[in-house]
Amino acid sequence: MQFADTLDFSERETLFVEVILPLSLAINYTYRVPFELNDKVAVGKRVVVQFGKHKIYTALVKSIDQQPPEFYQAKYIIDVVDDYPVITEKQFEFWNWITSYYLCNEGDVMAAALPTGLKLASETILVLKDELPEELELTEKESLIINVLQKQQRVSIDEVIELLGQKTVYPIVNSLLAKEAIYVAEEVIEKYKPLLKSFIKLNPFYKEEENLKQLFTVLERAPKQLDALLAYLKLAKGDVFIPKQQLLEESGSGQAALKLLIDKEIFSVEKRAVSRLSDSNDEFEVNFELSSAQQKAFEEIEFQFTNKDVVLLHGITASGKTQLYIKLIEKALDQGGQVLFLLPEIALTTQIVERIKRYFGDKIGVYHSKFNDNERVEIWNKVLNGSYKVILGARSAVFLPFKELKLIVVDEEHESSYKQHEPAPRYQARDAAVFLGHLHQAKVILGSATPSIESYYNAETEKYGLVTLNERFGGVQLPLQEVVSIAEETKRKKMTSYFTSVLIDDMTVALENKEQIILFQNRRGYATILICATCGYAPKCVNCDVSLTFHKTSGKLHCHYCGYHQSSINICPACGSVHIEQKGFGTERIEEELSLIFPDIKIARLDLDSTRTKNGMQQIISDFQDKKTQILIGTQMVAKGLDFDNVSLIGVINADTLLNYPDFRAFERSYQLLAQVAGRAGRRDKQGKVCIQAYDDSHRIIKQVIENNYNEMYVDEMAERKQFNYPPFTRLIFINVKHKDANVLNFAAQTLANALKAQLGNRILGPEQPLVARIRNYYIKQIIIKTEKNAAIQKVKTVLKETIKDFNAQKNFKSVITQIDVDPY
DNA sequence: AGCACGCCGACT
DNA sequence: GTCGGCGTGCTC
């Protein structure tokens, strides 16, 4: 009996784990834990599981249960990856919020949140059996595979496809498996490899003065080795490892000498994981005092924080918001907390990052999409272990594993790039950050010179605090702003290609003064399309409902939606005419025209095409900064976060295309963009100039930009939004319905809309035809849900989710794709 | 998201 | 007869 008492039955527990897979799946799956891993599994750790026949994934343990699943036999988990949870409890809560608010799957969030390096990859590998069956009859293709396997042991499915020159290899592979000639090895590769560098240390034996002296005499006849030793003694203070690279540079002695020293055990080597991120170690103090206006704003923010969690900082351009942020960050750090500083993607490669880095030194991490996975995993771990206190990042940085988050700064909060449109989770990082702040009881500061209407509304209705900073730092003057009517100039024949005489005169003056110029051409209207002057034919994309755009650099016609491209045309394929004209104008075209007007001036272009690479953009910017180029032509990019001392003139080529964009936020966006662009002119000691070209030169938005009248813009916009029932008075949810067949789509979209209307009534609009009705061979329709602000939104979402589930379950609509976009702006 | 399986049309 | 394309269903 006593024996039975000591038997601990709890150890015989069988555990089951519910895991999230990094895939877009509607439900989570349950696996069984092998007894020997019982102690290792924990919520928030990663586990290796097989999902489906071949694939192996890293899944995340969401919960642990002792109850076996009722309706199926659970598979075993293969392994537990982590010693400690990589996902914190708070992160799970955050993920849950994203899932339910933005109506996506948990797997979508996991896929977006974890750097790929933390998700393991699997590759199916074929391996030859040690002993082949005696009677083995193989087809020609099968023996081909076996032959290769005999030479190189392992072959991946991809290689087999290449080898046989055909796509369907599974039947053949299956046959080989059935004949027991091969087996399948699942290879899980940990993608994250720390960067290892060699470090050198002097044998502690030579710490003794006597021994060292002796060593010197021994090495007298080996000058190179002596150099290395001396270099080490110079670099290393005491008994430490120093980077091999550094030692080689300092000593001037080569690898060979060093190797001899190592062989003689005078030096020892060690491989160490080092950071891939260039941490600037120059932690020099950047001393600055807040101006009295800034100091007042700072105190005001602090005061607002006593009863508000979110404060909107409305500070005009060049009012020195960055300094305020720095002071606030400093304070949060003093309290021992972490800080998340969100920036729009493109602003991350620019000066503001440098400034903040310089101030906070190696406590800071930068996180954005151009970093590779290794770097991202590194940042993830440093946030998790707390060695990074401040994170500068683009929207995905909200997913980092913060522990003691005290403050979140969202700079340029009005920026549309905080919203992710594709793929799910379609989240708005600014709004998510507000929730994240709430979760951590951290304060959130939203900063902008031109706040979004919804944030300003939140401030006006006292949901957020509001602090205004409307004095330019250091008394920098506002630029001189003028509007030129393109219509007028065209009538008087004063236009030179796209440029009004006023802009050309301004440019001439600026160039004579050796000052620099930025020309801004917004993305809309960017395209140059070809059109036949005889019959009106315009080349269209074969996969999408858009005209192809002509790119001079490649000499080809490109589709901006799917990447399709074809060679350009000289003869109209429809009518045979040779009169092909270029219509519309892009940055490329402007660059070309401009170089005809100013042949001796160096011109650079900053847009998506010229900045594909991580350094492409840096190069263009630094060339402009170093005054190697005089004129910079760009799309929105030039408006964001760039500061150039020597720029005295900003030209907006065509403001109308912005204003005419068919979107309820077009005016708001135009105001923000134009105001932002204008803020780039003459930042230091000299008053700059802004020249806005437009057909409709009396448009209220242009007037409001020139007068710097945000409040009037806000009031006008609010009146319109109220009248037409748009946010912030309502909430929008878009449902994009897609199918390859236009007829199926039309019927499906109408059916879904009807089903929704039956429950939600006139809150349902559409289905409507979107601007581009077909992308990548899929036809698209859009259903819009517009609910009143105070409606029980969660209820609407539940209805929506259920209705779509039922809809997709219908036989005819299985292949119809539906995507939900909550707050699609 | 993959991937198998099954059905169908096309061509060595 | 294969081969490749595509629609459909399933993965614990």
Side-chain angles (χ1 to χ4, degrees), chain A residues 14-34 37 41 46-79 99 104-114 116 119-126 139-142 144 156-158 160-178 184 186-188 422-425 543 738-741 743-745 748 776-779 805 807-819:
Chain A
T14 307
L15 300 181
F16 294 89
V17 286
E18 181 196 353
V19 298
I20 306 173
L21 286 150
L23 303 170
S24 193
L25 300 166
I27 54 161
N28 289 329
Y29 289 80
T30 303
Y31 285 82
R32 183 175 171 155
V33 182
L37 290 178
V41 284
R46 291 173 299 158
V47 289
V48 180
V49 294
Q50 179 161 31
F51 185 64
K53 281 216 165 75
H54 300 283
K55 274 282 170 182
I56 289 189
Y57 290 97
T58 336
L60 192 67
V61 179
K62 195 195 175 190
S63 63
I64 301 177
D65 201 342
Q66 289 189 46
Q67 212 58 43
E70 229 177 297
F71 302 107
Y72 55 85
Q73 186 87 38
K75 272 188 194 166
Y76 281 102
I77 61 168
I78 297 167
D79 204 357
T99 310
C104 61
N105 299 319
E106 285 181 276
D108 293 327
V109 184
M110 177 176 173
L114 287 187
T116 339
K119 298 171 252 166
L120 301 163
S122 91
E123 238 176 72
T124 311
I125 303 279
L126 308 180
T139 66
E140 203 175 311
K141 286 179 177 175
E142 285 170 0
L144 201 63
S156 74
I157 296 276
D158 278 346
V160 174
I161 290 170
E162 208 171 304
L163 181 71
L164 300 180
Q166 67 187 53
K167 282 220 166 134
T168 41
V169 295
Y170 278 100
I172 302 166
V173 171
N174 276 336
S175 159
L176 282 172
L177 286 167
V184 165
E186 274 290 344
E187 200 175 51
V188 177
E422 202 69 39
N543 306 315
K738 301 185 182 181
H739 198 270
K740 284 197 173 165
D741 186 317
N743 292 324
V744 173
L745 173 72
R776 288 171 199 267
N777 282 324
Y778 276 87
Y779 290 89
K805 211 175 122 195
F807 168 78
N808 269 332
Q810 288 179 51
K811 198 130 189 77
N812 309 342
F813 303 143
K814 289 241 154 91
S815 53
V816 178
I817 299 167
T818 50
Q819 298 175 328

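Letters A, B, ... mirror the listed sequences (proteins, then strands); counts begin at 1.
- A side-chain N or O of A:Ser63 and one of A:Glu18 form a donor-acceptor pair less than 3.5 Å apart.
- The side chain of A:Tyr29 lies closest to C:dT11 when the candidates are B:dG2, C:dT11, B:dA1.
- Taking every side-chain heavy atom of A:Lys814 into account, C:dG9 is the closest of C:dG9, C:dC12, B:dA1.
- OP1 or OP2 of C:dG7 has not a single side-chain nitrogen or oxygen of A:Ser815 nearer than 4.0 Å.
- The nearest whole Å value for the distance from the CD atom in A:Glu106 to the C1' atom in C:dC12 is 15 Å.
- Summarising the geometry, the separation between CD1 on A:Ile77 and C1' on C:dT11 is reported as 17 Å, rounded to the nearest angstrom.
- Distance from the side chain of A:Lys55 is smallest for B:dC3 among the nucleotides C:dC12, B:dC3, B:dA1.
- Here A:Lys141 lies in heavy-atom contact (under 4.0 Å) with sugar-phosphate atoms only.
- Ring pair A:Phe807/A:Phe813 is parallel by interplanar angle, where below 30° counts as parallel and above 60° as perpendicular.
- Following rounding to the nearest Å, A:Leu114 (CG) and B:dA1 (C1') show an atom-to-atom distance of 16 Å.
- Here the side chains of A:Leu21 and A:Phe51 are in contact, with some heavy-atom distance below 4.5 Å.
- Look at CD1 on A:Ile817: it is 12 Å from C1' on B:dA1, rounded to the nearest Å.
- In the set C:dG9, C:dC3, B:dA1, B:dA1 carries the atom at the smallest distance from any side-chain atom of A:Leu25.
- Between A:Lys740 atom NZ and C:dG5 atom P there is a gap of 12 Å when expressed in whole angstrom units.
- For A:Tyr72 and C:dT11, the shortest distance from a side-chain N or O to OP1 or OP2 is not below 4.0 Å.
- With its ring centre under 5.5 Å from that of the base six-membered ring and a plane angle below 30°, A:Phe51 counts as stacked on C:dT11.
- C:dC3 atom P lies 11 Å from atom CD of A:Glu140, rounded to whole Å.
- Rounding to the nearest 0.5 angstrom, the gap separating the CG atom in A:Asp79 from the OG1 atom in A:Thr58 is 11.0 Å.
- With values rounded to the nearest 0.5 angstrom, A:Thr14 atom OG1 is found 11.0 Å from A:Gln67 atom CD.
- Spacing between atom NZ of A:Lys811 and atom P of C:dT8 amounts to 7 Å, rounded to whole angstrom units.
- Atom C1' of nucleotide B:dC5 and atom NZ of A:Lys53 are separated by 9 Å, given to the nearest angstrom.
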